[in-house]
Amino acid sequence: MNAYNTKAESPVTQTAVLIIGSGFSGLGMAVSLKREGKHDFIVLERATEVGGTWRDNTYPGAACDIQSHLYSYSFKPNPRWSRVYAPQPEILDYLRRTAQEEQILGHVQFGAAVERASWDATRQIWVVQTSVGVFEAPVLISAAGHLSDPSYPDIPGIARFKGQVFHSAKWDHSCDWAGKRVGVIGTGASAIQIVPQLARTAKHLTVFQRSAPYVIPRRDHVYSDAEQGMFERFPETMQELRDELFWGNESRFPQRRQVPTFIEMIRGMAASHLQAEVPDEALRKKLTPHYAIGCKRILISNDYYPALMQPNVDLETAGIECIDETGVLLKSGEKVELDLLVVATGFEATELPIAELIHGVGGQSLAHKWKDGGHAFACTTVSGFPNFFFMLGPNTGLGAGSMIFMIETQINYIREGAGYVLDRGVVVEPDAQAEIDYTDSIQQRSQGTVWVSGGCSSWYLHPGSGKLTALWPDFMSQFRKENGSFRTEGYNVRPSVAAAQA
Ligand code: NAP
């Protein structure tokens with residue numbers, strides 16, 4: 001059935017492949033199918049345009065902290081990146097252009113929020129109820145991302161605050177903070193980009209820090225016209241740069257395995273950055289982390305520390321007791337009066353909201369299956385959930401490196417897996433024991449990494465089981481070696497009902 005002609009016009013729309021989400025992963029998946037000549041797919045997107053996290057995170061200062069020549073599709077190099085670390089509008093523009101040039105937009109059903117996806121065991125298809133109608137397909141791919149649903153802090157009294165309050169991922173662009181008393185909760189990757197921007201014109205800015213991050217210099221520069229021209233005329237130079245950046249990141253993995261020489265190098269870099277940028281000893285003490293470097297994301301910034309030293313900025317480390325109508329009450333008993341509060345407190349990344357909506361064999365939800373932490377065969381498929389592929393799910397995140405590499409690895413795996421299902425008329429589902437063996441191997445590899453033994457609490461670990469569920473605990477190249485190509489070992493494969501009847 002042609003997806004173009006059938007979208008949401010009939011009560012039930014049928015297609016071969018349903019993709020949830022049109023961020024980097026969903027869009028890349030769609031392009032991959034399209035380039036292979038597979039046009040029978042629909043992308044369900046709850047928003048009104050493509051872009052995922054790069055559409056939603058529009059806060060001032062938003063930029064990628066991975067180099068753009070690496071943080072882009074290998075199949076769609078962009079010679080015109082303006083600088084090493086491109087700002088958010090440029091990345092969003094790149095995704096929009098990709099959708100347009102690759103003719104994906106005609107496949108996207110915008111405004112379609114998934115309400116429930118259920119495996120119909122009799123018909124062996126996925127039935128997906130959305131806000132705009134029902135969609136059915138033998139193959140379902142979740143590309144909803146793990147940084148798509150903001151996490152709000154559970155601070156007593158926050159709802160009573162009478163000033164303006166919003167999450168970093170839901171920036172209110174009508175808000176002018178100039179001359180206002182502003183608070184930022186959080187000191188993660190988002191906050192350290194926002195703080196220097198707010199500090200410029202806020203009357204007073206208070207940064208509420210729970211744990212100090214490690215910060216290293218941002219080695220950024222603008223690409224000159226000549227450099228961009230060279231990338232355009234000689235595309236192989238872009239590939240060379242991409243390779244160099246990839247292997248540079250790859251060589252940092254031993255830091256996460258706490259190999260002493262590597263640890264000393266990065267720890268030294270962060271310590272001298274702090275020492276050089278913050279002459280005030282008391283402030284430096286507050287900014288010194290109390291856990292092993294790499295346990296949380298290592299942040300890159302040249303303007304965060306200088307912003308904290310401005311006379312209109314305070315770094316508050318006393319801890320938040322509660323919030324009332326006019327501001328934040330600290331555990332020290334002091335009160336910080338505020339007009340505007342920005343919560344830069346991250347995302348629902350350990351217990352993914354999309355997992356609540358996906359129901360496999362017997363009606364079991366993915367969230368229930370993952371109640372002790374996400375786990376998947378080849379980090380992509382789940383027993384009890386036939387013909388279902390999950391992108392950026394369990395153990396696919398990175399401590400250092402480009403998520404696009406992980407996404408493209410999964411794209412290849414899923415395109416081959418979906419092709420196997422559709423071309424042969426079969427149902428595939430990972431064997432329960434194979435899944436356990438695979439996830440055990442991941443947990444074994446996570447032992448000794450800084451993420452589990454570095455003495456911090458992070459969203460990389462499942463809060464209940466303490467297992468490393470968000471990150472891949474090995475080299476990125478190993479992920480591709482293990483999971484870059486679909487193989488039937490470890491799967492139960494059976495003919496589909498339709499094929500058996502034929
Ligand atoms: P995050 O890394 O999860 O940081 C959240 C911050 O909020 C942390 O400092 C945390 O403190 C604090 N926090 C959370 N709940 C709190 C509470 N109840 N009271 C006080 N403080 C609280 O979130 P994020 O900065 O949005 O970044 C999330 C992820 O997005 C990053 O890891 C990265 O993968 C991605 N990101 C990437 C870029 C990029 O340039 N590529 C930019 C932004 C974000 P603790 O540290 O004490 O928990």
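Given the structure is predicted, the values throughout are model-derived calculations rather than measurements. Atoms considered below: every heavy atom in the structure, side chains included; atoms not considered: hydrogens, waters and symmetry mates. Numbering of ligands and ligand atoms starts at 1, following listing order.
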Can an N or O of [X] be found at a distance shorter than 3.5 Å from an N or O of ligand 1?
X      : result
Ser211 : yes
Thr187 : yes
Asp65  : yes
Ala63  : yes

Between the side chains of [Y] and [X], is the shortest nitrogen-to-carboxylate-oxygen separation below 4.0 Å, so that they form an ion pair?
X      : Y      : result
Glu482 : Arg445 : yes
Glu102 : Arg35  : yes
Asp56  : Arg46  : no

With heavy atoms only and a cut-off of under 4.0 Å, state how [X] meets ligand 1: side chain, backbone, both or neither.
X      : result
Trp459 : side chain
Phe347 : side chain
Lys296 : side chain

Short list, please: which atoms of ligand 1 are under 4.0 Å from a heavy atom of [X]?
X      : value
Tyr59  : 42 (C), 43 (C)
Gln193 : 40 (O), 42 (C)
Gly186 : 6 (C), 7 (O), 9 (O), 12 (C)

Scan side-chain atoms only and decide if [X] and [Y] contain a donor-acceptor pair under the 3.5 Å cut-off.
X      : Y      : result
Thr187 : Gln209 : no
Arg256 : Thr449 : no
Glu250 : Ser477 : yes
Glu90  : Ser82  : yes

Give the residue, atom name and distance (to 0.1 Å) of the protein heavy atom nearest [atom].
atom                    : result
atom 20 (C) of ligand 1 : Ile185 CG2, 3.6 Å
atom 36 (N) of ligand 1 : Ala189 CB, 3.9 Å
atom 22 (C) of ligand 1 : Arg210 CZ, 3.7 Å
atom 31 (C) of ligand 1 : Arg297 CD, 3.8 Å

Per atom 6 (C) of ligand 1, closest listed option by heavy atom (Ala470, Gly346, Ala344):
Ala344

Option set Gly399, Gly188, Ser301, Ser190, criterion heavy-atom distance to atom 43 (C) of ligand 1, minimum
Ser190

Aromatic ring proximity, centroids under 6.0 angstrom, [Y] and [X]:
X      : Y      : value
Tyr223 : Phe231 : yes
Trp81  : Tyr94  : yes
Phe405 : Phe479 : no

Heavy-atom pair of closest approach, residues Tyr152 and Val343:
CD2-CG2, 4.2 Å

Are any of the heavy atoms in Leu147 under 4.0 Å away from ligand 1?
yes

